Amino acid sequence: MEDEVFQHVVSVFSSLVSWVAAGAIMFGGVVPYIPQYRDIHRTQNAEGFSTYVCLVLLVANILRILFRFGRYYDDALLWQSIIMICTMLVMLNLCTNVRMAAELSTKRRSFLDFDWTYFWSWSRFVDYLHCVLAFTLLAAYITYLLLDSVLFVETLGFLAVFTEAMLGTPQLYCNYQNKSTEGMSIKMVLMWTSGDTFKTGYFLLTEAPMQFWTCGLLQVFVDVAILFQVYYYSRYPQKPVSHTVSHTTSAKAL
């Protein structure tokens, strides 16, 4: 009798841990964007946030969803992509509204102009929706045609997670160029590292496709490299150089 009670308690606890882990996977990725959204909304200034972050994450997560049609993976990872796509669209809507309110030029730029000079710098949020929808339909059509190809499916999965894994590299490169980590939030990097480590562990435990955990390990490696830069440049300051924090330096943090 006691053994049955113990096994029941263990089973309930295991289920609870699984639910908590799944919830963390689904919503953990959007947490850093909540204070960023509030800050932009409060200050009505979106200059510190690069909308190209939204572009990268939208592409990565759309491809990840399409990958699931060819290779099954955990439902929590699917919902993670859906939630991230919604979050990036919300961020794009806010940034577009703020930027247009502050812009003196009356010239409006549209996705339908097909002017690559202003790609992803359009005047209305609906233009971003048109672009995302066009990309989704094109990618879905190609995926439908090549779904029977194992090589295509595996490549699609790799591109999806590799694109997201590279989000930290602009920060890494910028720190190297400036020989400094000035202006970078160390707390944010620690959040990346803990989040990416947890996510990679989740991939391994749930036996996610190889693309997920290999690129997860790559993300952790990039995070650790940035933390090493923090240590190195604080311990051995380089020759000061004049620099400003560009949009790309916030590529993952914001």
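If you're wondering where the values come from, they're calculated on a predicted model, not measured in any experiment. The figures here come from the full heavy-atom set of this structure, side chains too, leaving out hydrogens, waters and symmetry mates.
Taking both residues in full, the closest heavy atoms of T51 and C95 are given as CG2-CB, 4.0 Å, listed atom of the first, atom of the second, then distance. Q219 and E164 get closest at one heavy-atom pair: NE2-O, 3.7 Å. Closest non-hydrogen pair, H41 versus Q44, comes out as O-NE2, 2.8 Å. Of all the heavy atoms in A160 and A60, the pair that sits closest is O-CB, 3.4 Å. Summarising the geometry of Y73 relative to L78, their closest heavy-atom pair is CE1-N, 3.6 Å, with the distance given to 0.1 Å.
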| Between T214 and V161, does a side-chain contact (heavy atoms from CB on, under 4.5 Å) hold up when you go through it step by step? | CA-CA 9 Å; T214 52; V161 290; 5.9 Å; no
| Going through the distances and angles, do V222 and D196 end up as a side-chain contact (heavy atoms from CB on, under 4.5 Å)? | CA-CA 10 Å; V222 172; D196 292 338; over 6 Å; no
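In this structure, M91 CE and L58 CG are separated by 11.5 Å, a value rounded to the nearest 0.5 Å. Annotation: the span from L159 atom CG to L66 atom CG amounts to 11.5 Å, rounded to 0.5 Å. Here the straight-line distance linking atom OG1 of T163 with atom CZ of F158 works out to 8.5 Å at 0.5 Å rounding. The distance from the OH atom of Y72 to the CZ atom of F67 is 13.0 Å, given to the nearest 0.5 Å. In this structure, CG on L57 lies 15.0 Å from OH on Y52, to the nearest 0.5 angstrom. Taken from OG in S81 to CE in M26, the straight-line distance is 12.0 Å, to the nearest 0.5 Å.
With hydrophobic clusters built from ILVMFWY side chains whose heavy atoms lie under 4.5 angstrom apart, F27 shares a cluster with V90. Under the 4.5 Å side-chain contact rule for hydrophobic residues, L94 and L92 share a cluster. Under a hydrophobic-cluster definition in which Ile, Leu, Val, Met, Phe, Trp and Tyr are linked whenever side-chain heavy atoms come within less than 4.5 Å, directly or via other members, Y231 and Y176 are assigned to the same cluster. Two different hydrophobic clusters hold F135 and L133 under the rule that ILVMFWY side chains link at heavy-atom gaps under 4.5 Å. Put simply, L55 and I82 are part of the same group of oily side chains (I, L, V, M, F, W, Y) that touch within less than 4.5 Å, one to the next.
Of the possible polar contacts, one joining the S123 side chain to the R109 backbone as a donor-acceptor pair under 3.5 Å is found. Looking only at distances, a side-chain donor or acceptor of N97 sits under 3.5 Å from a matching main-chain atom of N93.
Residue pairs that meet the salt bridge (Lys or Arg N to Asp or Glu O under 4.0 Å) test with at least one member in residues 121-147, sequence neighbours left out, are R124-D127.
Looking at heavy atoms from C-beta onward, N61 lies out of side-chain contact with M88 at the 4.5 angstrom threshold. In this structure, the side chains of Y118 and D113 stay at 4.5 Å or more apart for every pair of heavy atoms. Looking at heavy atoms from C-beta onward, T43 lies out of side-chain contact with V98 at the 4.5 angstrom threshold.
Ring pair W120/Y128: centre-to-centre distance below 6.0 Å. In this structure, the ring of W122 has its center less than 6.0 angstrom from the ring center of F119.
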Extract all donor-acceptor atom pairs below 3.5 Å that involve side chains of residues 138-153 and protein atoms in other chains or at least two apart in sequence.
unit_1	atom_1	unit_2	atom_2	d
T143	OG1	A139	O	2.7
S149	OG	F152	N	3.2

